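As structure tokens, the structure follows; a few thoughts come after it.
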Amino acid sequence: YRAKTLKGEPILFDIEKQEAVSVKRNQAKAKNYLNKAIKHDVFAFRMEFSYQPNEAFTPTENVTAFNALLTDFLKNLNRTRKISGESLVAYVGTRVFIDNVLNADITMIFSAKNLLDYDDQKNKVHMVETSTKVSEYWKFYISTKEQKISKNKKASAATRPNYMNVFKD
């Protein structure tokens, strides 16, 4: 027997149960992905991204825009080593709404082939430099996208989001 509301919809318990199954499935997929992607020593760092909604867009359009920007950014970072100075091996993360702002919490995993075996201090500096390069690339990337949007669409400054404040370190 399944308890349902008067309208025949599943109760909160059923919804929570479905979410738990979804989380377990996503965890298994992420673990499998990482097991396939990580073949050598790696280092990782976590970055948080947020998207300042464009008031001229609907909430759905804002989510789509942020997802497209973030996905393209990560693919570019993955394609070329010259951006970060290191080879991006994998990334995992999640996207959530916090106070009506879409946020992404992403762990980026890089190859550690260029790190020195016995010099922890230089390795730490190298990892910080890589993180800084990724952060700078994000700012450059968003700035470039903003310029292209401005050329293609004469959006007013009042409704255009401030992309430079999208990144949180």
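FYI, side chains are in, hydrogens and waters are out, and symmetry mates aren't considered; it's all heavy atoms of this structure. If you're wondering where the values come from, they're calculated on a predicted model, not measured in any experiment. Residue indices begin at 1 and follow the sequence shown.
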Next on the checklist: In this structure, would M108 and F140 fall into the same cluster of hydrophobic residues linked by side-chain contacts under 4.5 Å?
Outcome noted: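 Yes, M108 connects to F140 through the hydrophobic network.
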Item to check | Closest non-hydrogen atom pair between L69 and Y141, with its separation | outcome: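 Result for this residue pair: O-OH, 3.3 Å.
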Checklist outcome for this item: In terms of heavy-atom contacts, L74 and L88 come closest through O-CD2, 4.1 Å
Item to check | Step-by-step side chain to side chain donor-acceptor pair (under 3.5 Å) determination, Y91 to N78 | outcome: CA-CA 9 Å; Y91 53 88; N78 196 19; 5.6 Å; no
Next on the checklist: Restricting to side chain to side chain donor-acceptor pair (under 3.5 Å), what partner residues turn up for Y33, sequence neighbours left out?
Outcome noted: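 Side chain to side chain donor-acceptor pair (under 3.5 Å) list for Y33, sorted by chain: empty.
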Next on the checklist: The criterion is side chain to side chain donor-acceptor pair (under 3.5 Å); which residues satisfy it with D105, sequence neighbours excluded?
Outcome noted: R46
If you round to the nearest 0.5 Å, how far is [atom2] of [Y] from [atom1] of [X]?
{"X": "K36", "Y": "N32", "atom1": "NZ", "atom2": "CG", "answer": "4.5 Å"}
{"X": "S87", "Y": "K113", "atom1": "OG", "atom2": "NZ", "answer": "7.5 Å"}
{"X": "K124", "Y": "L115", "atom1": "NZ", "atom2": "CG", "answer": "12.5 Å"}
{"X": "S131", "Y": "M47", "atom1": "OG", "atom2": "CE", "answer": "3.5 Å"}
{"X": "E86", "Y": "E129", "atom1": "CD", "atom2": "CD", "answer": "10.0 Å"}

Item to check | Mutual orientation of the aromatic rings belonging to F110 and F45 [parallel < 30°, tilted 30-60°, perpendicular > 60°] | outcome: parallel
Item to check | Derivation of the side-chain contact (heavy atoms from CB on, under 4.5 Å) call for L70 and I106 | outcome: CA-CA 10 Å; L70 189 58; I106 308 227; 3.8 Å; yes
Item to check | Audit row: L77, S84, side-chain contact (heavy atoms from CB on, under 4.5 Å) steps and yes/no | outcome: CA-CA 7 Å; L77 194 59; S84 64; 4.0 Å; yes
Item to check | Heavy-atom neighbours of N35 CG exceed 12 at 6.0 Å | outcome: yes
Checklist entry - Looking only at side chains, do N76 and Y137 share a donor and an acceptor under 3.5 Å apart? => result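 The answer is yes; a qualifying pair exists.
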Next on the checklist: Quick one about R95 and N67 (side-chain donor to acceptor, distance below 3.5 Å, no hydrogens or angles considered), yes or no?
Outcome noted: yes
Next on the checklist: Assess the residue pair F49 and F66 against the criterion (ring-ring contact (aromatic ring centres under 6.0 Å, His included)); give the C-alpha distance rounded to whole Å, side-chain angles, the decisive distance to 0.1 Å, and a yes or no.
Outcome noted: CA-CA 10 Å; F49 301 84; F66 179 59; 7.5 Å; no
Checklist entry - Yes or no on side-chain contact (heavy atoms from CB on, under 4.5 Å) for F73 and I83, after CA distance, side-chain angles and deciding distance? => result CA-CA 11 Å; F73 168 77; I83 294 170; over 6 Å; no
Item to check | Non-hydrogen side-chain atoms of N103 and E48 separated by less than 4.5 Å | outcome: no
Next on the checklist: I'd like to know if the side chain of S143 and the backbone of K139 have a donor-acceptor N/O pair within less than 3.5 Å.
Outcome noted: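 A pair under 3.5 Å: no.
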